[in-house]
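Step one of this worksheet: look at the structure below.
Just so it is clear, the model here is predicted, and its values are computed rather than measured.
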Amino acid sequence: MADPTNSEIAAAFDELGDLYELDGAIIHRVVAYRNAAKVVRDASVSVAALTRDGRVTELPGIGATLETKLVALVETGDIPQAARLRAKFPAGLLEMTRLPGLGPKRARRLYEELGVDSLQSLETAARQQRIRDLKGFGVRAEENFLAAIARANADAADGKTGGRFVLDRALAIAEPLLELLRAHPTSHRVELAGSARRWADSVKDLDIIATADDPRALAEALTASDLVESIAGVGDAGARVRTHSGMGVDLKVVAPDQFGNLLQHFSGSKEHNMALREAAVKRGLHVSEYGVLDDATGETLRCATEQEVYAELGYAYIEPELRENRGELRAALLDGGSGLPELIREEDVRGDLHSHTTASDGRNEIEEMAEAAQALGYEYLAITDHSASHGFGDEVSAEQLEIQIERIHAANAAFPGIELLAGSEVNIMPDGSLDYPDELLARLDWVIASVHSSFRIDERAMTERVVAAIEHPWVDAIGHLTGRKIEARPPYAIDVERVIEAAARTGTMLEINAAPDRRDLNDVHARAAAQAGVRILVNSDAHRTRTLASSRRYGIATARRAWLTAEQVANTRGWAQFAPLRKRAGTVSPPG
DNA sequence: GCCGTTTTCGGCCCGACTGTTTTCAGTCG
């Protein structure tokens, strides 16, 4: 049997946590499963393989008991306790607990006292007014259940999954709103909070924290924006609105001396804040959005800035991108610790190694892309159109590539300020071969290889396919390794750990594709790759001049979430330093 | 069920909101 993937293991832990919760287990046990699910989901290595090696308890949050369950899952495909509890509680019960406002305690009572075991029977019971007679339930409960079921059905009919927005769409809403609020005469400080501030892949809604002389006036300014479709509430504390694109926006106007506490609290992540607070409690300090309560003095310290919040708790300032409880608290301890990295910034980027032109599916000519790159101050730009098997009418035959090489070299001569690399984004075929002859690949200045077809082959085959490309002497880098499209398409099955090992061994670079719906490598993989010594690239994959600039910040955000410094990203180097890092630079050219 | 610069046992973040309550449990973020 094939090993379960990390996401399958995580799903099994989440399910078991839910089942234990229904079964009435103490909440800390349930939380332990949910925490373990998250650790597994974020792990950069195969948890099944770690389990086989007897090393899985090295992961934080996995102890002896969970190890036993993992062994069962890996060896038999299921966890016995989960099978037992599934027999005890109908599947519909878990579905019921996903309704907002209905949790495990009350779902279980509905099941035991009324026999309600699905959304359908819940709806029926509510309509028949049988729920209101239960102790602790009332008429309102029936109304709320019916409304929640109706909303869930409507969302399902609309094809809404989680209602999450890819970050670029979210920022396209957030940025004009921030501008509007900052320009308002009554406002002083206006900051984006929440997962958008942490540059997460996607966000559910927007949180904005502000201070103002006239809070209500600022709140009303938000509600008056023409982006706003409806107003859920407005007052002295702020406003809650929904935009025409369906994005919820929550503005909180707070006292200036608590701005730091509230911004820190609402920036999250939940995991970061929980770990922060837990550590604080051990020192007699209690952190909330309103301040830091000191047991010793009984005083609550209010902080106007986040820097003060972290300093009060004994930490250096932690950049929002790092606040995921992935070791940042330990690193930020002011007394000792290894220290936080100096994170890469957008302005560190000196070149781009992945771009398209009209030769394949891009919208601009070589010269237009060169001008756009120069405008960004770049020293080099690789033109990497798709290769011979790309299809969709966007393929570039070997003969066409020969012409394209000439055109790029001619353009290079015409643009003395920038190095234009004749490159290609070569398809990695299902068998691991490339779709140009080696002699042609050898004549290029740069080759990035990517998977664009046959996504559904199994993990072993996909891994061997990509490793074969990594071992190819003319492949300088691998593009968008996992093929994911955020909120649209899951990554394909591939053993990233083995890919990283092969890339480190051969000196092949791995790309963080900066397209906002890709960001692939993701943060966890990029961090693991850099730690293994792999050189990382942040590439736009631009298909037009505009995205050469506009995508970059999403790639940099992923690099920062991966704890990367400028040093660890190869294209922060000038051309003279970058050129010899290409794999081909150290390779003897084959004859011919 | 995990974990250890007060612990190998006894802790395990903090507050808001809701609906059903006469002081709180459940749920959520």
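Glycosidic conformation of dT6(B): anti, with the torsion beyond 90° of 0.
One C1' atom belongs to dC13(B), the other to dG29(B), and the distance between them is 12 Å to the nearest Å. Here, dC12(B) and dC17(B) have their C1' atoms 24 Å apart, quoted to the whole Å. dT6(B) and dC2(B) have their P atoms separated by 23 Å, given to the nearest Å. With both ends at atom P, the span from dT5(B) to dG1(B) equals 23 Å, rounded to whole Å. Taking atom C1' in both dT8(B) and dC3(B), one finds a spacing of 9 Å when rounded to whole Å. Comparing dG15(B) with dT20(B), their P atoms are spaced 26 Å from each other, to the whole Å.
The phosphate of dC13(B) (OP1 or OP2) has no side-chain N or O of R277(A) nearer than 4.0 angstrom. Remark: H286(A) is in phosphate contact with dC14(B), judged by side-chain N or O atoms under 4.0 Å from OP1 or OP2. Neither OP1 nor OP2 of dG26(B) sits under 4.0 Å from any side-chain N or O of R106(A). Under 4.0 angstrom from either OP1 or OP2 of dA16(B) there lies at least one side-chain N or O belonging to Y290(A). Contact between the side-chain N/O atoms of N144(A) and the OP1/OP2 oxygens of dT18(B) is not found at any separation under 4.0 Å. At dG1(B), one or more side-chain N or O atoms of K69(A) fall inside 4.0 Å of OP1 or OP2 (strictly under the cut-off). When the side-chain nitrogen and oxygen atoms of T65(A) are compared with OP1 and OP2 of dC2(B), one or more of them lie within a distance under 4.0 Å.
Taking atom CD1 of I62(A) as the reference point, atom P of dC3(B) lies 9 Å away to the nearest angstrom. Following rounding to the nearest Å, H28(A) (NE2) and dC2(B) (P) show an atom-to-atom distance of 14 Å. Taking atom CZ on R34(A) and atom C1' on dC12(B), their separation rounds to 15 Å, with Å as the unit. If you measure from atom OH of Y20(A) to atom C1' of dC2(B), you get 14 Å, rounded to the nearest angstrom. Rounded to an integer number of Å, the gap from CG of L85(A) to C1' of dG1(B) is 15 Å. The separation between R140(A) atom CZ and dC17(B) atom P is 16 Å, rounded to whole Å. If you measure from atom CG of L16(A) to atom C1' of dG1(B), you get 11 Å, rounded to the nearest angstrom. Rounded to whole Å, atom C1' of dG29(B) lies 9 Å from atom CZ of F266(A).
Looking at every heavy atom in both residues, V203(A) comes nearest to A196(A) through CG1-N, 3.6 Å.
Counting non-hydrogen atoms under 4.0 angstrom, I26(A) reaches a base of the nucleic acid. Within the 4.0 angstrom heavy-atom criterion, no nucleotide atom of any strand lies near L293(A). Within 4.0 Å (heavy atoms only), V287(A) reaches sugar-phosphate atoms of the nucleic acid but no base atom. Here A64(A) lies in heavy-atom contact (under 4.0 Å) with sugar-phosphate atoms only. Using a 4.0 Å heavy-atom cutoff across all strands shown, K105(A) reaches sugar-phosphate atoms only and no base atom. Within 4.0 Å of N35(A), counting heavy atoms only, lies no atom of the nucleic acid at all. Among the heavy atoms of the strands, none lies under 4.0 Å from A280(A).
Under the 4.5 Å side-chain criterion, counting only non-hydrogen atoms from C-beta, R34(A) is in contact with D18(A).
Looking at R323(A) and E328(A), no side-chain N of the basic residue comes within less than 4.0 Å of a carboxylate O on the acidic one, giving no salt bridge. With salt bridges taken as basic N to acidic carboxylate O contacts below 4.0 Å, none links D520(A) and R484(A).
Under 3.5 Å, the side chains of E306(A) and N261(A) contain no donor-acceptor pair of N or O atoms.
Relative ring orientation between Y33(A) and Y20(A) is described as tilted, the plane-to-plane angle lying within the 30° to 60° band.
Of all nucleotides listed (dT20(B), dC13(B), dT7(B)), dT7(B) comes nearest to the side chain of K282(A). The listed nucleotides are dC14(B), dG1(B), dC13(B); the one nearest the side chain of Y33(A) is dG1(B).
Annotation: of the two residues near DNA chain B, V139(A) and G61(A), the 5′-most nearest-nucleotide partner is G61(A). Between G136(A) and V281(A), the residue anchored closer to the 5' end of DNA chain B is V281(A), taking for each the nucleotide with the nearest heavy atom.
Pairing for dT8(B) is absent, judged as Watson-Crick or G-U wobble with the two contacts each under 3.5 Å.
With F266(A) as the aromatic partner, K252(A) meets the cation-pi criteria of under 6.0 angstrom to the ring centre and within 45 degrees of the ring axis.
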